Chemist: 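Sharing a structure, written as structure tokens. Questions coming.
Just so we're clear, the structure is a prediction, and the values are computed from it rather than from any experiment.
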Amino acid sequence: MRFAFSEEQELIRKSAGELASRLARISDCRDFAAGKEPFSAALWQGLAETGFTGALIPESHGGSALGMVEAGNVLEVLGGSLSSVPYLGTCVLAAEIIEELGSDAQRDEWLPGIASGGLTVSVLGLLQPATGATGSARGRWAPVLCAAGVDILLVRVEDGANQWFIVLPPDSAHLVVEPMVTMDRSRRFAAVRLNDCLIAKIQRLAAPLQPALVSRLQAMAAAGAAAEMLGVATRVLDMACAYATERQQFGRPIATFQAIKHMIADQAVALEGLRSAVWAALWTIDHKPAQAVVAAALAKATADEVATRLAVESIQIHGGMGFTAEVDAHLYLKRAQLDRILWAPAHFHQEILARYLEDLA
Amino acid sequence: MDLDDSPQEAGFRRNVRAWLRDHLTEERRLQLNAREGRAWIDFIRHWQRDLLAAGLSVRSWPRAYGGQGAPATEDLIVFEELAQADAPLDAFRVGIRIIGPMLMKLARDDQKAAFLPRIADGSDLWSQGFSEPGAGSDLAALSTRAVHRAGKYVINGQKTWNTLGHLADFCLVLARTNPEVPKHKGLTAFAVPMSSPGITVRPLQQMNGRRDFNEIFFDDVELPENAVVGIVDGGWKVAVTMLDFEHRGLAVLGFGCRRLYGRLLELARTTRIGSSNRAALGELDIRRRLAALGGQARIAVLNNHRFLAMIPEGGVPGPEAAIQKLHSTELNKAMHALALEIASLADLADSEARERLSAWEEDYLTSFGMTIAGGTSQIQRNIIAERALGLPR
Ligand SMILES: Cc1cc2nc3c(=O)[nH]c(=O)nc-3n(C[C@H](O)[C@H](O)[C@H](O)COP(=O)(O)OP(=O)(O)OC[C@H]3O[C@@H](n4cnc5c(N)ncnc54)[C@H](O)[C@@H]3O)c2cc1C
């Protein structure tokens, strides 16, 4: 038993942090919001050069065959730097889906692209597949990250007893992809509609999707999103400490007022708990697949509560400055609020825990 | 990263479980949890001796002091399994988790040799004589005096809320040896035999109806010079070291929270709401609240494992122990509050339901002590903010 990162894992955290400090500074986030890029191409390139895009891809296809713990470490850094890249969708979910369900030819076609950073993917329908009359399917999803800017969409469809992932380009005639403007401008979202279409006429991954893989993918999405939120919460607490130490009122730093000091101490307790929950969930996905659903739900439910609470309180700690657009505090709040609903509706994960009470014991 | 036991740890855990299965009979569990009277303390002493003989106590201590020189993980496994088996964790807690580790860091070799093996095998029960009527959170403001006179120290003053002092063999007393210097700098720690002439112990009645803690009066209690622990006027260092170990020790309550969560589920499963046939566990509101607490209990256990990996082998726990202490003691309180609520949903015209409620009432009341003892939750927040996060005082 050693609940700590290995040296290699620490190295990954460090080099992801260095990458973010070069290519995902907070000024980049503000520039991104003002620009038109679907995601930060420069950062994506950097992730590819460091090999992080291939974290979960087998070595035979150009990746480094690491695990969810390592990918989660990258996601934590990406979240903390408010990055805009489709890492979770492409390098975690799509990598897993194509590896599990693709034919040899499909794996050869797409996995090296993901590993090298040449291919980006959005995954749709992880919770709600497209459905319809026999042989056909339609569906609607929002918010979807980067849907307009990726190379392909993997859409989960249900056809009677079988489920598949179909493969569509974002400009496919079957799809309507509308930009969805939210308060979080650090990323671009879309509302996506799949019009009634005949599944057989569309390219799909070779093998049907089994329920166990659906659960696994949901757990990966939840734990991955929770890792991003852990990054957000960590930054928020750092900023609160720095500001409360530097800002003086009544002749002393505001951190010396216990209303502020104790709020921050409670934040630290919550953040440490979140770290335990997230890192344990990532590890559980790699090593204890049968327990992954509950571990990931705990991580994401905790992240939903903690990251939003810390970001909310951070505005108050920053006072009037916190209400300005100039100070970064609001950027984290907006990010956390969208993270809460990006991969599943609010409360989804609390409800999983309430269903599996015995498994928490 | 590996959250699983290594093969060796797993084997050890199996042995612990098997031993507990064989030796912790229902009768013995009741005796050990009675928490009252001389007979109880004898049960506890025997239990401690048996644990040690089976190699299940102070494993991480050096062999010379009764331990096995094992990694700290094995101590943690023992605590985890004791908690799951509902065995008492805390009668020798002060000696084993607080005084012993402090002595190893700060005491003279002859003191270590004299005290540690007797703590380990249950011969000596120790208590912690810190708090006074005028000095609780502000411990350094204490006024019990120790005056050096003719090769001896003479102690006068009063301690209070002293847990198990009425049954203890020794008390680690913090007293003022130098009133001329700033308050933290004039304190000295003493190992005081409770049989010393001039000591009077008066049990205090607690809000849960028990009498676990006491007032202790010192009237011209004479101690030899070698009763000093650490250095003269260096008592604050002793106190801080003990408090760090204490926070860590209380954090083991995280394992207790997991066990408590299991009991809470059982309570909700077997409690019918009023005279209806509906189990409390079927109510959505209760399920949600159980999920939130169960999640936090899981987190408390994970924190225990993770923070263990952060302390170097044999090192003093850092301020992260305060994080665990605050988290697990507040959680323990919140879980008992929900238990009380669920137990009181039952049809209280039924005598069994009333008995059950009354048992939970006592546990509920007991849960309030933990967020005060060893430094209140507010003091933990100060420690976390100032020592863990580096915020200004
Ligand atoms: C069950 C139990 C067992 C105990 N066992 C022992 C024992 O074995 N040995 C021993 O020496 N003592 C023992 N104690 C005493 C315990 O350590 C003290 O009660 C505790 O440190 C608080 O001190 P106090 O009671 O004087 O409260 P006070 O210090 O008077 O505090 C009262 C309130 O004021 C708050 N407060 C005080 N200072 C601050 C501050 N700086 N910032 C914010 N809030 C503040 C506190 O949080 C609390 O809410 C025990 C207590 C309990 C309940």
Chemist: Tell me, side chain or backbone of I383(B) under 4.5 Å from chain A's heavy atoms, or both, or neither?
Modeler: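 Contact with chain A: none, neither part.
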Chemist: Could you give the distance from CG (L391(B)) to NZ (K261(A)), rounded to the nearest 0.5 Å?
Modeler: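 So the CG of L391(B) and the NZ of K261(A) are separated by 7.0 Å.
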Chemist: Just to verify, which of H287(A), K288(A), R2(A) counts as forming a side-chain contact (heavy atoms from CB on, under 4.5 Å) with D4(B)?
Modeler: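 The side-chain contact (heavy atoms from CB on, under 4.5 Å) with D4(B) is passed solely by K288(A) among H287(A), K288(A), R2(A).
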Chemist: Sort out for me which of D266(A), T284(A), V69(A) touches chain B most, counting heavy-atom pairs under 4.5 Å.
Modeler: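 Sorted descending by pairs with chain B, the first entry is D266(A).
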Chemist: Using a cut-off of under 4.5 Å on heavy-atom pairs, state which of Q350(A), R275(A), H347(A) scores highest against chain B.
Modeler: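 Max contact count across the listed options: R275(A).
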Chemist: Between S6(A), A242(A), G273(A), who has the most heavy-atom pairs with chain B when the cutoff is under 4.5 Å?
Modeler: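 Most heavy-atom pairs under 4.5 Å with chain B: G273(A).
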Chemist: Please step through side chain to side chain donor-acceptor pair (under 3.5 Å) for the pair H262(A) and N382(B), ending with a clear verdict.
Modeler: CA-CA 7 Å; H262(A) 286 189; N382(B) 287 344; 2.7 Å; yes
Chemist: Check step by step if side chain to side chain contact (heavy atoms under 4.5 Å, CB included) holds for R393(B) and T256(A).
Modeler: CA-CA 6 Å; R393(B) 296 172 67 86; T256(A) 61; 5.9 Å; no
Chemist: Which answer fits L3(B), side chain, backbone, both or neither, if we ask what part of it has an atom under 4.5 Å from a heavy atom of chain A?
Modeler: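 L3(B) touches chain A through backbone and side-chain heavy atoms alike.
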Chemist: If you round to the nearest 0.5 Å, how far is OG of S276(A) from CG of N303(B)?
Modeler: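 Output value for this atom pair is 3.5 Å.
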Chemist: Let me confirm one number: the CD1-CG distance from I299(B) to L360(A), rounded to the nearest 0.5 Å.
Modeler: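 Going from the CD1 atom of I299(B) to the CG atom of L360(A) covers 9.5 Å.
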Chemist: Going through the checks in order, is the side chain to side chain contact (heavy atoms under 4.5 Å, CB included) test met by W283(A) and D2(B)?
Modeler: CA-CA 8 Å; W283(A) 183 87; D2(B) 188 0; 3.3 Å; yes
Chemist: What parts of residues 8-19 of chain B touch chain A if we use heavy atoms and a cut-off under 4.5 Å?
Modeler: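 Within residues 8-19 of chain B, the residues under 4.5 Å from chain A are E9(B), R13(B).
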Chemist: Quick check on L76(B) against chain A: is it the side chain, the backbone, both or neither that has a heavy atom closer than 4.5 Å?
Modeler: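 For L76(B), neither part sits under 4.5 Å from chain A.
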Chemist: Determine whether L308(B) and F3(A) satisfy the following criterion, side chain to side chain contact (heavy atoms under 4.5 Å, CB included), listing intermediate values before the conclusion.
Modeler: CA-CA 8 Å; L308(B) 179 76; F3(A) 193 170; over 6 Å; no
Chemist: Measuring from R381(B):CZ to I264(A):CD1, what's the distance to the nearest 0.5 Å?
Modeler: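 Here the rounded value is 13.0 Å.
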Chemist: Near Q316(A) CD, under 6.0 Å, is it more than 12 heavy atoms from other residues, nucleotides or ligands?
Modeler: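 No, not enclosed.
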Chemist: More than 12 foreign heavy atoms under 6.0 Å from CZ of F307(B): is that the case here?
Modeler: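 Check passes, neighbour count above 12.
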Chemist: Checking L357(A) against chain B: side chain, backbone, both or neither under 4.5 Å from a heavy atom?
Modeler: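 Both the backbone and the side chain of L357(A) come within 4.5 Å of chain B.
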Chemist: Side chain, backbone, both or neither: which part of Q267(A) has a non-hydrogen atom closer than 4.5 Å to chain B?
Modeler: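 Contact with chain B involves no heavy atom of Q267(A) at all.
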Chemist: Under a 4.5 Å heavy-atom cut-off, does chain A meet the side chain of R259(B), its backbone, both or neither?
Modeler: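 Neither the backbone nor the side chain of R259(B) comes within 4.5 Å of chain A.
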Chemist: Tell me which of these, E386(B), Q380(B), R258(B), has more heavy-atom pairs under 4.5 Å with chain A than the rest.
Modeler: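 Result: the option with the highest number of such pairs is E386(B).
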Chemist: Less than 4.5 Å to any heavy atom of chain A: does that hold for the side chain of E330(B), its backbone, both, or neither?
Modeler: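 Looking at E330(B), nothing touches chain A.
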Chemist: Using a 6.0 Å cut-off, check whether atom CZ of F368(B) has over 12 heavy atoms from anything other than its own residue.
Modeler: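 Atom CZ in F368(B) is crowded, with more than 12 foreign heavy atoms closer than 6.0 Å.
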Chemist: Ignoring hydrogens, what is the shortest heavy-atom contact between P392(B) and A255(A)? Give both atom names and the distance.
Modeler: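 P392(B) and A255(A) have their closest heavy atoms at CD-CB, 3.7 Å.
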Chemist: Tell me, for R355(A) versus chain B, whether the close heavy atoms (under 4.5 Å) come from the side chain, the backbone, both or neither.
Modeler: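 Contact with chain B: backbone only.
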Chemist: Among R306(B), H327(B), Q324(B), find the one that has a side chain to side chain donor-acceptor pair (under 3.5 Å) with E272(A).
Modeler: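 Testing E272(A) for a side chain to side chain donor-acceptor pair (under 3.5 Å) against R306(B), H327(B), Q324(B) leaves exactly one candidate, R306(B).
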Chemist: Looking only at non-hydrogen atoms, find the nearest pair between G295(B) and L298(A) and report the distance.
Modeler: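 Reported closest heavy-atom pair: CA-CD1, 3.4 Å.
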Chemist: Under 4.0 Å between a side-chain nitrogen and a carboxylate oxygen: does that hold for E351(A) and R287(B)?
Modeler: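 No salt bridge links E351(A) with R287(B).
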Chemist: Give, as side chain, backbone, both or neither, the part of L265(B) having an atom under 4.5 angstrom from any heavy atom of chain A.
Modeler: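 Side chain only.
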Chemist: Does the side chain of M1(B) come within less than 4.5 Å of L282(A)'s, by heavy atoms?
Modeler: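 No, their side chains stay 4.5 Å or more apart.
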